[in-house]
*Asks:* 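Sharing a structure below in structure tokens format, with a few things to ask.
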Amino acid sequence: MNLFAEVREAVVDALDRMAAEGALPHGLDLAAVAVEPPRDPAHGDMATNAAMVLAKPAGQPPRTIAEGLAQRLMDDPRIEGADVAGPGFLNLRLVPAVWQGVVRDILAEGTGYGRSGLGRGEKVNVEFVSANPTGPMHVGHVRGAVVGDALANLLAFAGWKVTREYYINDGGAQVDVLARSAYERYREACGLEPEIREGLYPGDYLIPVGEALKAKYGTSLLDQPEGVWLAELREFATAMMLQMIRDDLDALGVRMDVYSSEKALYGTGQIEAAIAELREKGLIYEGTLEPPKGKEPEDWEPRVQTLFKSTEYGDDVDRPVKKSDGSWTYFAPDIAYHYNKVKRGFDQLIDIFGADHGGYVKRMKAAVAALSQGRVPLDIKLIQLVKLYKGGQPFKMSKRAGTFVTLRDVVDEVGADVTRFIMLTRKNDVALDFDFDKVLEQSKDNPVFYVQYANARINSVLRKAREAGMAVDDTTLLAADHSTLSHPAELALLKKVAEWPRLVEIAARNNEPHRVAFYLYELASDFHGFWNRGNDESSLRFVQEDISLSQAKIALARAVGVVICGGLAILGVTPVEEMR
RNA sequence: GGCCCCGUAGCUCAACGGAUAGAGCGUCCCCCUCCUAAGGGGAAGGUUGCAGGUUCAAGUCCUGCCGGGGUCACCA
């Protein structure tokens, strides 16, 4: 249903015919031939670069190829114009019926319009959030959560089989700190004065954990040495923290398919097996690293460690998998975890990391390349900071945790829909400003409002028509005579919605869900512009005296609404029916 | 110092290697009370940080600089 892909097929077909007729050499590589919307509408509906791409391999001037191509494309009933322009572009104009047919396609498919088979059912694993289970999610996690979830939606829409996964970092020292912090809250619950020493987690969110511990253990753990309770509390507290994180994610509308535990990798031989696999490939050795140049740590001393030869796969230095005392570094379970994902049969892996983890990209890719024989690509998206503001002023206060603004703070303040949309209004690797006041503003500056308002207006038209006694259900609108949608403004709007399937594919190919948000904003903008024209030209209003004319126009509005709703669904944002 | 990301209009940001680099805000000018309304139309505004290179074609790819941010074994 991607019109651009369909026309590209026609172009390829015409090129094949030219080859068959001797106008072009046989066996040309057509991979670079593209059909895309021109920047300037005056250049027509679609443009192809075929002649320019093929000029050199075919040994012919671009214009010769373009003219031959134009002549053959004119045989296609969908194409009413083919002009050679510029350095060799072939600009195509399509008959209105093609664009009018888009209304039918959209109404027939509903919000599934734009679905693609691009992913060919391949399995992709999207790992995101993966926050330490030591406290509530904070704003820093929200953007990653939204980007990951929207990306997962997008890839599913584009034909991949998607698994959303959360890697629980419950194997390191930070969960010991959690356990000790919880122990102090437990003492507090027992009526003693808690000693929240430096280095422990001070947040109030551990108070309920202390109370739960008292309910379970009574006073039996008081005055017991750490060795007695540490493992037990670690287990208990991380379970509660994880539940809290799940609830937080739930409030944001994010549901993971799989939670993988780092701790569960220990003692099962998985880490050993992953390292053994690398060792077998000659990628593990005992060695000493050079200190980093230019910035030598104060306490640097050469140590013999077990190293992974990640430089074989493009990393800058080899990375330790064992500390000098022989225990695993954090990197070792990470390797094992990614090996585990490879072994589970994923065709593609995606990790969503905070930008502060940028230093781990190369080593992680090296590990996956080594363990999958280069067969499984790993794409890592780094998520830049979110800076909070309120009324233009930096905002750092937290209601709950004291030191940081939590996910709950944000969602409670502005709602999950607004949060999600705004988080997608920037490309992932650019910092984002989030102003609690601005995101709720009802104005054109606010993209969430602007898109929602377009949808509300569309619903308003439908309501209005229904009140006037007109049948405007999708079946009726589908059967309307769309050939009356011939005004340039109507055709322009149709061309915009027709770009949706193509946009889905581009966004999915690049793993960039923000493109969907930008597209929806553009579509909404076009729709509002069209709406406003109706003020001056009553013939462009949706509701007309003539019922069948109205139904065609309302079908157009409905088509725009369906695409907006489909796009919002990918972002995980609930469409608003009516502005309040 | 090494590595990674960013640098595009006064500001905030877009742009699958495609044509004359686009939006919003702000500025300036004009219009308006109109199906749903929190406005509408138009104008000015650019050497895409700098210098090379690849390409029919570079904001986009490569190299080197400049500026900002992040990160740098034995923490996750």
Side-chain angles (χ1 to χ4, degrees), chain A residues 32 34 36 38-40 42-43 47-49 51-56 61-62 85-89 91 130 132 134 169-175 262 288-297 299-303 305 307 315-320 322-325 327 329-331 333-334 354-362 380 382 384-385 425-433 441-447 449-450 453 456-457 459-461 463-465 468 502-503 505-507 509-510 512 514-515 518-519 521-522 525 528-529 531-536 538 541-544 578-579:
Chain A
E36 49 197 12
R39 214 188 284 266
D40 185 347
H43 290 147
T48 178
N49 60 358
M52 291 180 293
V53 172
L54 300 177
K56 185 176 277 187
F89 281 104
N91 291 330
S130 299
N132 290 343
T134 55
N169 287 113
D170 54 1
Q174 75 281 1
V175 288
E262 175 194 355
T288 310
L289 288 173
E290 295 290 314
K293 292 185 177 62
K295 186 202 169 256
E296 186 165 335
D299 57 347
W300 178 273
E301 46 183 278
R303 285 194 177 91
Q305 295 168 300
L307 301 168
D315 202 355
D316 308 302
V317 292
D318 293 337
R319 306 292 176 177
K322 270 188 182 174
K323 303 174 193 172
S324 47
D325 70 1
S327 62
T329 63
Y330 73 89
F331 186 39
D334 274 356
D356 56 339
H357 287 56
Y360 306 105
V361 170
K362 285 187 180 180
I380 300 182
L382 297 178
Q384 266 294 349
L385 287 181
T425 55
R426 289 286 180 272
K427 204 167 151 188
N428 60 285
D429 51 18
V430 172
L432 180 146
D433 293 342
E441 226 168 66
Q442 302 210 336
S443 74
K444 195 175 179 177
D445 330 358
N446 182 355
F449 166 76
Y450 203 55
Y453 185 30
R457 272 184 158 169
N459 279 300
S460 157
V461 166
R463 215 178 307 125
K464 206 95 182 171
R502 178 172 179 274
L503 184 113
E505 295 190 348
I506 291 172
R509 234 193 318 267
N510 293 289
E512 290 180 344
H514 75 278
R515 288 173 187 267
F518 278 97
Y519 170 81
Y521 181 77
E522 287 168 18
S525 177
H528 288 306
W531 178 282
N532 290 328
R533 282 191 69 167
N535 290 332
D536 298 330
S538 58
R541 296 187 185 189
F542 294 107
V543 180
Q544 302 282 335
E578 210 171 340
M579 302 314 291

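Computation of the quantities below employed the complete heavy-atom set of this structure, encompassing side-chain atoms and omitting hydrogens, waters and symmetry-equivalent molecules. Numbers restart at 1 for each chain; the letters A, B, ... are given by sequence-line order, proteins then strands.
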*Asks:* Between the side chains of R502(A) and E505(A), is the shortest nitrogen-to-carboxylate-oxygen separation below 4.0 Å, so that they form an ion pair?
*Replies:* no

*Asks:* Assign a letter to each nucleotide of nucleotides 17-36 of chain B from its 5' end: B, base within under 4.0 Å of a protein heavy atom; S, sugar-phosphate only; -, no contact.
*Replies:* -BB-S-SSS--------BBB

*Asks:* For the pair T329(A) (side chain) and K323(A) (backbone), establish whether a donor and an acceptor sit closer than 3.5 Å, ignoring hydrogens and angles.
*Replies:* no

*Asks:* Taking the side chain from N510(A) and the backbone from I506(A), do they hold a donor-acceptor pair closer than 3.5 Å?
*Replies:* yes

*Asks:* Using the P atoms only, state how far C5(B) lies from U47(B), rounded to an integer number of Å.
*Replies:* 27 Å

*Asks:* Rounded to whole angstroms, how far apart are CG on L432(A) and C1' on G69(B)?
*Replies:* 16 Å

*Asks:* Quote, to the nearest angstrom, the P distance that separates G2(B) from U54(B).
*Replies:* 27 Å

*Asks:* Sticking with atom C1', work out how far C65(B) lies from G1(B), rounded to a whole angstrom.
*Replies:* 16 Å

*Asks:* Which dot-bracket notation, 5' to 3', represents the base pairing of RNA chain B when pairs are defined as Watson-Crick or G-U with both distances under 3.5 Å, crossing pairs as [ ], and inter-strand pairs as |?
*Replies:* (((((((..((((....[...)))).(((((.......))))).....(((((..]....))))))))))))....

*Asks:* Rounded to the nearest angstrom, tell me the gap between atom OH in Y519(A) and atom C1' in A15(B).
*Replies:* 16 Å

*Asks:* Taking the P atom of each, how far is G46(B) from C30(B), in whole Å?
*Replies:* 24 Å

*Asks:* What is the separation between atom CD on E512(A) and atom P on C13(B), rounded to the nearest whole Å?
*Replies:* 16 Å

*Asks:* Where the side chain of D325(A) meets the backbone of S327(A), is there a donor-acceptor pair that is under 3.5 Å apart?
*Replies:* yes

*Asks:* Could you work out the separation of A9(B) and C32(B) based on their C1' atoms and round it to a whole Å?
*Replies:* 29 Å

*Asks:* Can a donor-acceptor pair be found between the side chains of Y453(A) and R457(A) at a distance below 3.5 Å?
*Replies:* yes

*Asks:* Taking the same atom, P, in G52(B) and in U60(B), what whole-Å distance lies between them?
*Replies:* 14 Å

*Asks:* Between the main-chain N or O of A34(A) and the side-chain N or O of N49(A), is there a donor-acceptor pair closer than 3.5 Å?
*Replies:* yes

*Asks:* Please measure how far the C1' atom in G59(B) lies from the corresponding atom in C50(B), and state the result in whole Å.
*Replies:* 14 Å

*Asks:* Give me, pair by pair, the N or O atoms of the protein and of nucleotides 3-6 of chain B that are less than 3.5 Å apart, along with how far apart they are.
*Replies:*
| unit_1 | atom_1 | unit_2 | atom_2 | d |
| --- | --- | --- | --- | --- |
| C3(B) | O3' | K362(A) | NZ | 2.9 |
| C3(B) | O2' | D316(A) | OD2 | 3.3 |
| C5(B) | O2' | D429(A) | O | 3.4 |
| C6(B) | OP1 | D429(A) | OD2 | 3.2 |

*Asks:* Go through the structure and list residues passing salt bridge (charged side-chain N to carboxylate O under 4.0 Å, His left out) with K322(A), not counting sequence neighbours.
*Replies:* none

*Asks:* Any sub-3.5 Å donor-acceptor pair from R541(A)'s side-chain atoms to G534(A)'s backbone N or O?
*Replies:* yes

*Asks:* For the side chain of N132(A) and the backbone of T134(A), is there at least one donor-acceptor N/O pair under 3.5 Å apart?
*Replies:* no

*Asks:* Give me the atom names and distance for the closest heavy-atom approach of G358(A) to L382(A).
*Replies:* CA-CD1, 3.7 Å

*Asks:* Hey, are the side chains of N459(A) and E578(A) touching, using non-hydrogen atoms and a 4.5 Å cut-off?
*Replies:* no

*Asks:* Decide yes or no for Y330(A) and D334(A): does some side-chain heavy atom of the first lie under 4.5 Å from some side-chain heavy atom of the second?
*Replies:* yes

*Asks:* D536(A) has an atom CG; how far is it from atom P of G39(B), in whole Å?
*Replies:* 18 Å

*Asks:* H514(A) side chain N/O closer than 4.0 Å to the phosphate oxygens (OP1, OP2) of A15(B)?
*Replies:* yes

*Asks:* Is any side-chain heavy atom of P333(A) closer than 4.5 Å to one of F331(A)?
*Replies:* no

*Asks:* Produce the list of close N/O pairs, under 3.5 Å, pairing protein atoms with atoms of nucleotides 72-74 of chain B; give distances to one decimal.
*Replies:*
| unit_1 | atom_1 | unit_2 | atom_2 | d |
| --- | --- | --- | --- | --- |
| A73(B) | N6 | E301(A) | N | 3.4 |
| A73(B) | N1 | E301(A) | O | 3.1 |
| A73(B) | N1 | R303(A) | NH1 | 3.1 |
| C74(B) | O2 | R303(A) | NH1 | 2.2 |
| C74(B) | O2 | R303(A) | NH2 | 3.0 |
| C74(B) | N3 | R303(A) | NH1 | 3.4 |

*Asks:* Salt bridge (charged side-chain N to carboxylate O under 4.0 Å, His left out) with E441(A): which residues, sequence neighbours excluded?
*Replies:* none

*Asks:* Does A355(A) reach a base, just sugar-phosphate, or nothing at all? Heavy atoms under 4.0 Å.
*Replies:* sugar-phosphate

*Asks:* How far, in whole Å, is G10(B) from U27(B) if one measures between their P atoms?
*Replies:* 15 Å

